[in-house]
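Single-structure report; data block below.
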Amino acid sequence: MNVPFQHALALAAALFAIGLTGVLMRRNIVFVLMSVEIMLNAAGLAFVAAGARWGQPDGQVMFLFILTMAAAEVSVGLALVLQFYHRFKTLATDAAGKMRG
Amino acid sequence: MAELLWLIPALPFAGFLALALLGSRMPRPLVATIGAGTVGLSALAAIAASLALAGSAGAEEGITRTLWTWISVGGFAPAVALRLDALSAVMTLVVTIVGFLILLYSTEFMAGDEGYSRFFCCMDLFVGAMLTLVLADDLLLLYLGWEGVGLSSYLLIGFWYKAEANVRAARKAFIVTRVGDTAFALGLALIATQLGTLRIQEVAERAPLFWGAGSGMAVAAAALMLGGALGKSAQLPLQTWLPDAMAGPTPVSALIHAATMVTAGVYLIARMHALFLLAPVVMGATAVIGAATLLMAGLSALTQSDLKRALAYSTISQVGYMFLALGVGAWSAAIFHFMTHAFFKSLLFLAAGAVSMRLRGEHDMFRMGGLRRALPGAFWAFVIGAASLSALPMVTAGFYSKEMILERVWSSPRGAGWLWAAGLIGALITALYAFRMVFLVFFGEKRQETEGRSGARVMFPLAALAALSIGGGFVPMSRGTWEAHALPLTLAASLASLLGIAGAWFLFHRRRGMTERLAGSPAGALLRRFWAGGWGFDQAYDALLVRPFVRLTRASREEFADPYSKGVARTAGALHHLLSRTVTGQLRWYAMAIAAGTILLIGMAVFL
Amino acid sequence: METVFDISAVVAVVATLMVIAQSRAVHALLYLTVSLLAVAVVFFTLGAPFVAALEVIIYAGAIMVLFVFVIMMLNLGAEAARQERRWLTPADWFGPAILGAILLAEMVWVLASPQSAFPAPAANDPRAVGAALFGPYVLVADLAALVLLAGLVGAYHFGRRSAEAGEGEAP
């Protein structure tokens, strides 16, 4: 187990940046949700790496919580996507611009 | 019982709160029960407390109960403290008993009104505030009650707020009394800073130690107190609001603008008499103002055609008597007259209300007449009230109190012959206008038919107040007034009263045509208009104060500071429009903005 | 072990890049699964086998299946893919890419700075994770259960009114 700590964090940073780019770039809600998943996963990776670095279980515990949250978020988010598609007949987030005000 | 002193003002306040919060949803009988019942309970508590006071050993000093201390700053600690002594006991009894009778009357008088619960709500607020004023042992608490009665007076004058004239009258009353209130507040500040206390007892003790008799500070403090009293009690030169205040419902006029609130000034001066004794100049001014007011308002009352306005001027005039008594140092005479006046004046107002109730709200005396047989109950009540008002010798309460004032004015070292003469002429005028009302309303030919009939809740208060107007003169306060040397004075006062009544019979009943011709002549008409209009005070104030003020405000509407303040607003508006462009409604745009901001912050943390 | 880490890291980054660049949702989903599996390997190399297993079971398993269900239900065909391609203009991806690059540069900068020289990581076993989870973190674990319940209720509520109800189960 001699993976350098910095490398693991660098991987987490890269995944997070890619996920952020995806969130900002895509109009399709499904892709936006996937990108959010990537970002959450990257954050979890950072926690696990830190936990491994200090020899503490806390990092992994935090990953479990992130996992839980991601699951809840995806279930609600996808239900919303279905409603959204049902109402607007499209998946483009720009269609929700009616909230404008 | 003394421990429960707080109940006396607290009960009406509780009624006020209950009606203010839930009154609109209550059925009317419940509203009436709460509105009048709380005041009735308060009256019972006041009677019990007064009996306890009379029976206790320290009846001279009275009992004081400090509920809590308001604030305590640098040795100055105004307290919420109640005090019951002979003076406040009389006031409390009158306020609660007369208040209860009038509220009982109102339950029928206001029966058809849509603002039924609002009326009782305001009335309870008034009674609570008035009792706070009367029972306060601290000038700050007294001031709280003082402003409370002003507020409820304002609310009740403008009770029928849909007519603009009523609202105008309410505003006028509020603003004119505000002049006096401001003087009072300044006086409080002066006393608090100079004497370091607002406790009435301590003020009375410290004032002679700190200030010499006639010293500038004492005169200033007393004069400011007098200013407050003049405003509240509608005395010269702040009397103009009271006749207009008759715009409110009749029970309001009876309770607030005749029996209780307008005498708050009298109470204040009697309460602070230790201070006034240090300022002989102010005492003299009080007496002169009282004498001038009673004559002027009496003459105005003589020429009114509106029944309630005539009674209003009569109130001003009678309060003038009280000020005259205060001015010569006859404190107890003033309070005695306050008490009898409260009885007979509220009786007169309620009887007038009973008359107008049966005449579909008619107030013009010249369109009444001959109602003696149609309304026997109101007739006898009104006659008893008028007799007491004109101080009919020996049998009425008004006679004892007025006679006591005149006797003191003559015999007091502060009094003077001409003040006494003014009072005597005033007594003549009083009898004249009192029975003018009786003859115009109840005698002569009948002008209108009556309708309906008055119920027990109207007749019982009339009967009770009539009994008090007769019997109120035999209370223990009148003890010791009968002195041998006063006999000629008593005779003179009796003669003035009888002469006035006879004159009224002659002028307004027997030879009414002649009087009308006299009043119709050019000089008579001019004088009549002048008197009826309140001696031109309204016009003078309008020309001297209101219109210049309005002109000034109009001239300064465009202020030099405006461009800057408006500029701030305009800049904010422009920024708003700029920023509102960023609210596109597009999710990606928002996410982008959040991400960019976060990245910027991280960058600052990392690289700086 | 370091070689394994390096390989799976490269796989993860490339697969993730493909996720956000794909125009077909199902393809993107497959790449996402690959990315998650790669990260699971990374977890293993970091000495966290328990978490690695969870990553495979829950992330790559349950959550991805949820996505698959929804994509099936939306029935996105070739037309949707063409539309995706139309939406992915350079003007659209250029700005976010720059932002992401800046963020990455910042974080790498921090990692490369001298004070972040650390000793080698030590492993800790699943037993310790369980003890911590139900020891000091038990309250948070309860909260997580509540979050899941809220997610269940929320998903049911949102999914109920659509004609194709029944997809709202929380994993």
Side-chain angles (χ1 to χ4, degrees), chain A residues 1-11 13-28 30-31 33-35 37-38 41 45 48-49 51-53 55-58 60-61 63-65 67-76 78-83 85-86 91-92, chain C residues 1-2 5 9 12-13 16-17 19-20 25 28 32 36 39 42-43 45-48 50-51 54 58 63 66 70-71 73-74 84 87 92-93 96-97 99-100 103-104 107-108 111 116 118 120-124 128-129 132-133 137 140 144 147-148 151 154-155 158-159 162 167-168 170-171:
Chain A
M1 304 303 169
N2 42 9
V3 175
F5 179 47
Q6 287 93 333
H7 290 192
L9 281 188
L11 174 61
L15 291 181
F16 188 86
I18 294 170
L20 180 68
T21 312
V23 168
L24 299 182
M25 194 171 86
R26 304 305 296 244
R27 290 188 200 187
N28 191 321
V30 177
F31 282 88
L33 274 178
M34 284 186 206
S35 303
E37 289 306 304
I38 293 168
N41 196 36
L45 175 57
V48 172
R53 157 67 188 76
Q56 299 284 332
D58 305 53
Q60 298 188 30
V61 172
F63 179 80
L64 287 180
F65 292 141
L67 197 67
T68 318
M69 208 206 71
E73 178 248 324
V74 162
S75 61
V76 176
L78 286 176
L80 273 175
V81 167
L82 286 178
Q83 278 294 324
Y85 188 71
H86 193 67
L91 285 173
Chain C
M1 222 29 136
E2 207 175 332
F5 172 82
V13 170
T16 312
L17 276 174
V19 171
I20 65 167
L32 182 55
L36 292 172
V39 171
V42 169
F43 284 152
T45 64
L46 284 172
F50 178 54
V51 167
L54 282 182
I58 296 181
I63 296 182
L66 208 60
V70 170
I71 289 168
M73 220 165 273
L74 294 175
E84 276 305 315
W87 280 346
D92 267 337
W93 59 257
L99 276 180
L103 180 64
L104 185 60
M107 289 192 284
V108 170
L111 290 172
S116 52
F118 303 107
N124 46 65
V129 176
L133 184 61
Y137 288 105
V140 193
V147 169
L148 279 178
F158 285 125
S162 85
E167 73 287 345

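Note on naming: letters A, B, ... go to the chains in the order of the sequence lines (proteins, then strands), and numbering restarts at 1 for each one.
Contact of the D58(A) side chain with the V129(C) side chain is not registered, since no non-hydrogen atoms from C-beta on lie closer than 4.5 Å. For the pair T68(A) and I58(C), the minimum side-chain heavy-atom distance is 4.5 Å or more.
Looking at L64(A), the atoms closer than 4.5 Å to chain C (heavy atoms on both sides) all sit in the side chain, from C-beta outward. Looking at E73(A), there are no atoms closer than 4.5 Å to chain C (heavy atoms on both sides), in backbone or side chain. Proximity to chain C (any heavy atom under 4.5 Å) is shown, for L45(A), by both the backbone and the side chain. Looking at V19(C), both its backbone and its side chain come within 4.5 Å of chain A, counting heavy atoms on both sides. Only the side chain of V39(C) comes within contact range of chain A, judged by heavy atoms closer than 4.5 Å. Heavy-atom distances place both the backbone and the side chain of L133(C) under 4.5 Å from chain A.
Per-residue counts of heavy-atom pairs under 4.5 Å with chain A were compared for V140(C), V147(C), I71(C); the largest is that of V140(C). Ranked by heavy-atom pairs under 4.5 Å with chain C, the first of V76(A), N41(A), V48(A), L20(A) is N41(A). Comparing L32(C), V13(C), V51(C) by how many heavy-atom pairs each has under 4.5 Å with chain A, the most go to V51(C).
Note: I63(C) CD1 to M34(A) CE = 12.5 Å, rounded to the nearest 0.5 Å. Atom OG1 of T16(C) is separated from atom CD1 of I18(A) by 5.0 Å, given to the nearest 0.5 angstrom. Here F63(A) contributes atom CZ and F43(C) contributes atom CZ; the two are 4.0 Å apart, rounded to the nearest 0.5 Å. One finds the CG atom of L54(C) at 9.5 Å from the CD atom of Q60(A) (value rounded to the nearest 0.5 Å).
Contact between A52(A) and L46(C) at its shortest, heavy atoms only, is CB-O, 3.3 Å. Across every non-hydrogen atom of A155(C) and S75(A), the tightest pair is CB-O, 3.7 Å. Scanning all heavy atoms of the two residues, the minimum distance from I20(C) to S35(A) falls at CG2-OG, 3.8 Å. Here the closest heavy-atom approach between residue L11(A) and residue A12(C) is recorded as CD1-CB, 4.4 Å. For the residue pair A17(A) and G100(C), the shortest heavy atom distance occurs at CB-O, 3.5 Å. The two residues P57(A) and A132(C) have their closest heavy-atom pair at CG-CB, 3.8 Å.
Listed by chain and residue number, nothing satisfies the side-chain hydrogen bond (donor to acceptor under 3.5 Å, both in side chains) test with Y85(A) (two or more places apart in sequence, or in another chain). Remark: F31(A) pairs with no residue by the ring pair (Phe, Tyr, Trp, His ring centres under 6.0 Å) rule, at least two apart or across chains.
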Run the numbers on V81(A) and F158(C) for side-chain contact (heavy atoms from CB on, under 4.5 Å), then give the verdict.
CA-CA 9 Å; V81(A) 167; F158(C) 285 125; over 6 Å; no
